[in-house]
Amino acid sequence: MLDTGHSLETVSQLRPQLHRYCSRMTGSITDGEDVVQDALFRAYRSLDTFDDSRPLVPWLFRIAHNQCIDFLRRRGVREEAEAAAAEPDFIEPGDPAPTVGPAIEHLVLNLPPKERACVLLKDVFEYSLEEVAELVDSTVGGVKAALNRGRSKLASLEDQPAPPRVTAPEHRQILRLYVERFNNRDWDGLRELISADARLLVADRYSGSFTDGDYLGVYSRMTVTWRLTLGEVDGEPSIILLNIRDGAWEIEGIIRLDIGAHGRIERICDFQHCPWVLAAGSVVVRES
């Protein structure tokens, strides 16, 4: 029988690695954490049926990988994923693996999902070819082919700057209004920005209806001094959560707003309780 307490401890220790992998697969540290939350929910529900003769860590990575692929397909790259999976398994031996530093990790987003996963799992997380094949549901030959293609593409991209991300001006204005009204403790004004059927994710704490989550009520009752500011997370306009410590403001978390076509906030994701998110990407405060 699986030791659930020990397993939960292992999951907790693995969280930063799972987030790092999912962030590189999705291209966003906030989307990556979103995927990890879904993956862990699936894992927790399946713990009682897990075969404890198998290692736990690869099993968790397999669940996270599948969640990443589902996320990418929902985002509209189903054809790209299927095309990559259909490419031939055989390829001539190539050069040894290049060093994959933090800057190159960000470039893997330019690769199709299969190549992206194989490069990350082999060159960053140092899984064996056989382990990678099992995780991505491929053959060793298929992994070798994907690795060679991915490494070649990364070598050609290494000196190229990342393209800037574009955000609609009206979305930037909603971010600004959200920050201003939160800092003024204008809770009714904040609710005017949020759709009636909006969803809420407070990572590691709550996932469900915004109305049922009492999200703004919790912040309004806190004795801790919080402020929001505009910033960038991996080059994308975002909201940064600040907390004052020893007379200085420190970054405490990231808040992501998903805004619908009607200009109302459809989903709020608060990553205050996930400090590993801050360490996984570039977080820049643009306005004090």
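Nothing here was measured: the structure is a model prediction, and the numbers come from that model.
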Any donor-acceptor pair under 3.5 Å from [X] side chain to [Y] backbone:
{"X": "N184", "Y": "D186", "result": "no"}
{"X": "H273", "Y": "R205", "result": "no"}
{"X": "R181", "Y": "G189", "result": "yes"}
{"X": "R62", "Y": "E134", "result": "yes"}

Over all atoms of both residues, closest heavy-atom pair of [X] and [Y]:
{"X": "A133", "Y": "V140", "result": "CB-N, 3.9 Å"}
{"X": "H19", "Y": "G32", "result": "CD2-C, 4.0 Å"}
{"X": "K122", "Y": "V132", "result": "N-CG2, 4.1 Å"}
{"X": "A198", "Y": "I265", "result": "CB-O, 3.7 Å"}
{"X": "C22", "Y": "V35", "result": "SG-CG1, 4.0 Å"}
{"X": "W59", "Y": "A43", "result": "CH2-O, 3.6 Å"}

Among R256, R24, R74, R267, which residue meets the salt bridge (charged side-chain N to carboxylate O under 4.0 Å, His left out) test with D31?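 In the set R256, R24, R74, R267, the residue that makes a salt bridge (charged side-chain N to carboxylate O under 4.0 Å, His left out) with D31 is R256.
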Does either side chain, that of [X] or that of [Y], offer a donor lying less than 3.5 Å from an acceptor on the other one?
{"X": "S28", "Y": "T26", "result": "no"}
{"X": "E252", "Y": "W226", "result": "no"}
{"X": "S128", "Y": "E131", "result": "yes"}
{"X": "Q173", "Y": "Y178", "result": "no"}
{"X": "Q37", "Y": "D204", "result": "yes"}

Does a salt bridge link [X] with [Y], judged by any charged N lying under 4.0 Å from a carboxylate O?
{"X": "R151", "Y": "D123", "result": "yes"}
{"X": "K153", "Y": "E115", "result": "yes"}
{"X": "R221", "Y": "D214", "result": "yes"}

From [atom1] ([X]) to [atom2] ([Y]), nearest 0.5 Å:
{"X": "L18", "Y": "L60", "atom1": "CG", "atom2": "CG", "value": "6.0 Å"}
{"X": "L257", "Y": "I255", "atom1": "CG", "atom2": "CD1", "value": "7.5 Å"}
{"X": "R264", "Y": "I174", "atom1": "CZ", "atom2": "CD1", "value": "9.5 Å"}
{"X": "K114", "Y": "D137", "atom1": "NZ", "atom2": "CG", "value": "9.0 Å"}
{"X": "T30", "Y": "D270", "atom1": "OG1", "atom2": "CG", "value": "12.0 Å"}
{"X": "Q272", "Y": "L278", "atom1": "CD", "atom2": "CG", "value": "10.5 Å"}

Going hydrophobic residue to hydrophobic residue with side-chain gaps under 4.5 angstrom, can you get from F41 over to I63?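 In one cluster with F41: I63, no.
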Taking V284 as the starting point, is it possible to reach I29 by hopping between hydrophobic residues whose side chains are less than 4.5 Å apart?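 Unlinked, I29 and V284 end up in two clusters.
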Check against side chain to side chain contact (heavy atoms under 4.5 Å, CB included), Q17 and F61: CA-CA 9 Å; Q17 289 189 50; F61 258 93; 4.3 Å; yes
Derivation of the side chain to side chain contact (heavy atoms under 4.5 Å, CB included) call for C269 and D34: CA-CA 8 Å; C269 302; D34 219 352; 4.3 Å; yes
Please tell me if the side chains of [X] and [Y] come closer than 4.5 Å, counting only heavy atoms from C-beta onward.
{"X": "D38", "Y": "F71", "result": "no"}
{"X": "I239", "Y": "L241", "result": "no"}
{"X": "R116", "Y": "M25", "result": "yes"}
{"X": "V277", "Y": "I254", "result": "yes"}
{"X": "I194", "Y": "I268", "result": "yes"}
{"X": "R176", "Y": "E180", "result": "yes"}
{"X": "L193", "Y": "L177", "result": "yes"}
{"X": "D188", "Y": "R191", "result": "yes"}

Kindly state whether the ring of Y219 and the ring of W187 have centres lying under 6.0 angstrom apart.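 When the ring centroids of Y219 and W187 are compared, they turn out to be at least 6.0 Å apart.
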Could you check, using the six-membered ring where one of them is a Trp, whether Y215 and Y206 have ring centers closer than 6.0 angstrom?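 No: the rings miss the under 6.0 Å criterion.
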Do R42 and Y44 meet the cation-pi criteria used here (NZ or CZ under 6.0 Å from the six-membered ring centre, within 45° of the axis)?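 The answer is no; the distance or angle limit is not met.
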Looking at F125, does the NZ or CZ of R20 lie under 6.0 angstrom from its six-membered ring centre and within 45 degrees of the ring axis?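 Yes.
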Taking the inter-plane angle between the rings of H65 and Y21 on a 0 to 90° scale, is it parallel (under 30°), tilted (30 to 60°) or perpendicular (over 60°)?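 H65 and Y21: tilted rings.
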Could you give me the CA-CA distance, side-chain angles and deciding distance for T225 and W249, then say whether side chain to side chain contact (heavy atoms under 4.5 Å, CB included) is met? CA-CA 10 Å; T225 303; W249 292 101; 3.6 Å; yes
Side chain to side chain contact (heavy atoms under 4.5 Å, CB included) assessment of L111 paired with V119: CA-CA 9 Å; L111 304 178; V119 169; 4.1 Å; yes
Would you say that more than 12 heavy atoms from the other residues, nucleotides or ligands in this model lie under 6.0 Å from the CD of E126, or not?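 Result for CD/E126: open.
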